[in-house]
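Numbers restart at 1 for each chain; the letters A, B, ... are given by sequence-line order, proteins then strands.
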There are 2 protein chains.
Amino acid sequence: MKTADPELMRAINRFNVLDTIRRHGPISRVEISERSELSTTTVSAITASLLDDGLILTRHEGDIRNAAARGRPRVMLELNPDAARVVGAKIAANRMVFAVTNFRGEVLSDLTLPIRVDRQPIAVIADLIEDGVRRCVVDADLSLEDIDSICIGLPGVIEHRTGCVRSSPIFRETDVDFASEMTSRLKVATIVESDAHAITLAHHWFGRARDLDDMVLVSLEQTLGLGVLHAGQLFRGAGGLSHNLGDLVLGVGHSQTVRLATLAGESAILGEHPMDGRFAEAVRLGRGMAHAQALIAAEDNTLIAASARAGEAIGLAVANIVTLFGPPRVVIVGSSLSLGSVFVESIREAYQAAIPPSIRSVAELVFDESVDETWAQGAAVVALCELYESPWGTTGPAPGL
Amino acid sequence: MKTADPELMRAINRFNVLDTIRRHGPISRVEISERSELSTTTVSAITASLLDDGLILTRHEGDIRNAAARGRPRVMLELNPDAARVVGAKIAANRMVFAVTNFRGEVLSDLTLPIRVDRQPIAVIADLIEDGVRRCVVDADLSLEDIDSICIGLPGVIEHRTGCVRSSPIFRETDVDFASEMTSRLKVATIVESDAHAITLAHHWFGRARDLDDMVLVSLEQTLGLGVLHAGQLFRGAGGLSHNLGDLVLGVGHSQTVRLATLAGESAILGEHPMDGRFAEAVRLGRGMAHAQALIAAEDNTLIAASARAGEAIGLAVANIVTLFGPPRVVIVGSSLSLGSVFVESIREAYQAAIPPSIRSVAELVFDESVDETWAQGAAVVALCELYESPWGTTGPAPGL
DNA sequence: TGAATTAATCCGCATTGGGGAAAAATTGGT
DNA sequence: ACCAATTTTTCCCCAATGCGGATTAATTCA
């Protein structure tokens, strides 16, 4: 049970101020005071402390009020981009993507390695990731010592608190303590998170959900993932587990139960198609979805049917999720969107048919073909969130400079 | 955004102390200090204030330590049962149940009115409820002026924050501001809540989830409801909405989508059976489920098949919910459980078949045929929780009783 | 140059929780 | 009966926080 002492009080207000500065760009103290409902005195004290710790910077230009404003001009405050650096990584079956970002989450360098890590031994995967992180850091003209935290986004069921990978399509083993593994290799605090959670935060910070504190994201890749943002925070299941949408079952009647993954996973869609050499090659290299779109454009009926069927199943699942969480927006991302309008429209239609009339107007569906770099950036944001919220858990100011 | 001032700090600690006293029966200041990790000084100050406000009582007997304990004996503190009184109500299609409880949530009087309110005009339903509340209060030798708060539990989709009933099977209208209606009638602060949420809190305080701060409850009545307890608090959807399990869709393939309610709602199960006069009468009076069990015992194959089919659908839905929320326990309640073992075993089997192997061991299923009074008590607990004015509150279990 | 205006800071106050000393209330032994 | 030992509870004082009002700072306008 958390005990509420002055220290916690300060930590809360400090975080709120810092978060307000992050969200609302260069911002003056008065405006922070209005937004956070703290007195100007308190804001002044806290920003002084933040300036002292080097987390924010002053900027004397950029007062946006009427140019003809009377009185003492406002001093704008903004996040010090160099207050920290983090690395985010997205690991998929056929590629790894890395991004180094500054304290604001802006990408300093990124790196894509089109390597199939699928089912390699843990040590091999860890080796490859370690290498990628190091190279990406060097690309940003930095050294590993400059990195404050690392977050690795993986598909599958991840236990965020412990950094344990319960199960992932790219690991042969289950229950892997991957956070410890990478931390000891890189000598930098490394956390492990579901890739769906990473892209969820990316959309909250920079993407299609900037304006919302509640939303749901569905990621359609090899694995079907889910991210739920609730009151501005990632909602993690009871054990801190991430969700795995692919494990949802559809079906009715005797033994007609089907897992969503077997209907709508990447391999399920492509698997139904008799592949010629070029298509098979494309799939093996992870460009299967883009190639499939070309086939669909050429009116390949097998693929069109598979896409429609998959979209239908996903539409149903999304409707159920909206029924449960009631979010104002559902962001749908992932490589499967490359299948194009047949797929997307199929999702929309099934969703409209399945959503109960009483909440039909609650949620809007938004599709976004996020590029890989965004996923890695999202992982970096997860790492940044930990840094921001460190005052909640552990005492003491964030890593100064 | 909540601003953290000393007042909030005090409110948090005060609530924690009060909650600790409620949970752990008569308890000494030292033990509160240990459990809450507050200093004895602070605990003393807060308990003094609580005593001053009449919320708790001292008791000089009952020190459970070794009878041969040296030193000053502990003074035990406990909730003052008379610090407040609330009324809880459960409104179902064919009956209304009321309970007056004290500050501890102990039932002082209860009243069941086997009246069918189904689809009556709002004013009629409100009249009946008003009457029931008044009678139940009188039964407890109290007057309405002694009542501090009232909570009415209804099936359907309820917006807790505003007290608006978005849709309910017992209302003809939608979007009814029922909280205002009842508050103005009774002149006592009245809140409206989903009946599933009410029974969820009842099980958290007194029932099958006393030991847990995370769990999921599924209620199988005329309406299929869901309650999610997360970190000791009811998890409400983004808009403060309650969930409606019956709106979930099962199904795969073209236009085979079926809503859970049409498969597993009470009327769906009973509706398939060709009713003779006595059965129809029983159903009309709300004893349909009990009667159905008798028919099942007599090997009525139509009903057995319907029960099995319904159980199957529910088992699937429960598996999906566990996949999403990962709770350590699922409590299943509701009148449909009267159908007996055919139904229950069917749920269990379908659940086992549908739950992904990786999380098969996460959750246990618990069935509980909660009596109606418990539902009303749960509504009272909802009202008590508001009184406790939990600022961030984990309103947890009371092991005693 | 001075008045008006707005932003940021300084000073003092009330409140909080915590630590250590003191008081209170008991048991055990002589 | 009395005193030492022990344990709980309270009392006193301190540091830290946020806030309100007064003060200072930095600008525009007349």
Side-chain angles (χ1 to χ4, degrees), chain A residues 1-17 20-21 26-52 56 58-77 391 395-397, chain B residues 1-17 20-21 26-52 56 58-77 391-392:
Chain A
M1 203 177 290
K2 296 177 205 165
T3 143
D5 44 11
E7 195 181 323
L8 175 69
M9 193 164 76
R10 186 57 178 263
I12 292 173
N13 288 334
R14 201 181 138 103
F15 172 78
N16 278 344
V17 169
T20 304
I21 294 173
I27 185 176
S28 66
R29 291 180 176 82
V30 262
E31 209 180 332
I32 296 172
S33 166
E34 286 161 12
R35 283 189 186 280
S36 64
E37 297 179 31
L38 292 165
S39 74
T40 58
T41 308
T42 304
V43 170
S44 227
I46 291 175
T47 52
S49 152
L50 292 173
L51 280 166
D52 199 50
I56 60 175
T58 61
R59 186 202 277 187
H60 290 266
E61 329 128 29
D63 190 341
I64 317 290
R65 294 173 308 163
N66 272 339
R70 317 253 309 201
R72 178 173 174 175
R74 302 175 171 180
V75 175
M76 308 307 272
L77 302 170
T395 315
Chain B
M1 200 177 291
K2 290 182 210 168
T3 140
D5 45 12
E7 196 180 327
L8 174 69
M9 196 165 75
R10 181 60 167 224
I12 293 174
N13 287 333
R14 200 181 139 100
F15 172 78
N16 276 344
V17 169
T20 304
I21 294 173
I27 184 176
S28 66
R29 292 179 175 82
V30 261
E31 209 181 332
I32 296 172
S33 167
E34 286 162 10
R35 284 191 185 278
S36 65
E37 296 179 31
L38 292 165
S39 74
T40 58
T41 307
T42 304
V43 171
S44 225
I46 291 175
T47 52
S49 152
L50 292 173
L51 280 167
D52 200 48
I56 59 174
T58 60
R59 186 202 276 186
H60 289 266
E61 331 128 29
D63 190 341
I64 316 290
R65 296 173 306 163
N66 271 339
R70 316 252 307 195
R72 180 174 174 173
R74 302 175 169 181
V75 176
M76 308 307 272
L77 301 170
W392 69 296

A/T58 side chain reached by A/M76 side chain, heavy atoms, under 4.5 Å: no

Gap between atoms CG and P, on A/L8 and C/dG18 respectively (whole Å): 11 Å

Side-chain donor/acceptor contact of A/R72 with base of C/dA7 under 3.5 Å: yes

Integer-rounded Å distance: C/dG28 P and B/R70 CZ: 7 Å

Flag side-chain contact, heavy atom, 4.5 Å: B/I46 against B/R10: yes

d(CZ, A/R29; P, D/dT24) in whole Å: 19 Å

Length of the line joining A/E7:CD and D/dC14:P, which is rounded to integer Å: 21 Å

Residue-phosphate contact under 4.0 Å: B/T42 side-chain N/O, C/dG17 OP1/OP2: no

A/L77 and A/R29, any side-chain heavy atoms less than 4.5 Å apart: yes

Interatomic distance, B/L51 CG vs D/dT9 C1' [rounded to whole Å]: 13 Å

Options D/dT10, D/dT17, C/dG17, nucleotide nearest the side-chain atoms of B/T40: D/dT10

Spacing of B/H60 atom NE2 relative to C/dT26 atom C1', expressed in whole Å: 13 Å

5'-most by nearest nucleotide on DNA chain C - A/D5 or A/V30: A/V30

Euclidean distance, atom CG of residue B/L77 to atom P of D/dT8 [Å, nearest integer]: 13 Å

Under-4.0 Å side-chain N/O to phosphate OP1/OP2 contact, A/N13 with D/dT17: no

Any side-chain heavy-atom pair of A/V30 and A/R74 under 4.5 Å: yes

Rounded distance (Å) that lies between atom P of C/dA14 and atom CE of B/M9: 17 Å

Candidate nucleotides D/dG21, C/dG18, C/dA25, ranked by approach to the side chain of B/P73 - the nearest: C/dA25

Student check: side-chain heavy atoms of A/I21 and A/I32 closer than 4.5 Å: yes

Touch class at under 4.0 angstrom, heavy-atom based, for A/A4 against every strand present: sugar-phosphate

Residue B/P6, side-chain heavy atoms: nucleotide from D/dC11, C/dT26, D/dG18 that is nearest: D/dG18

OP1 or OP2 of D/dT7 under 4.0 Å from side-chain N/O of B/R74: no

Phosphate-side-chain proximity, A/S39 and D/dT17, N/O vs OP1/OP2 below 4.0 Å: no

Nucleotide nearest B/V75 when distance is taken to its side chain, options D/dT17, C/dC10, D/dT9: D/dT9

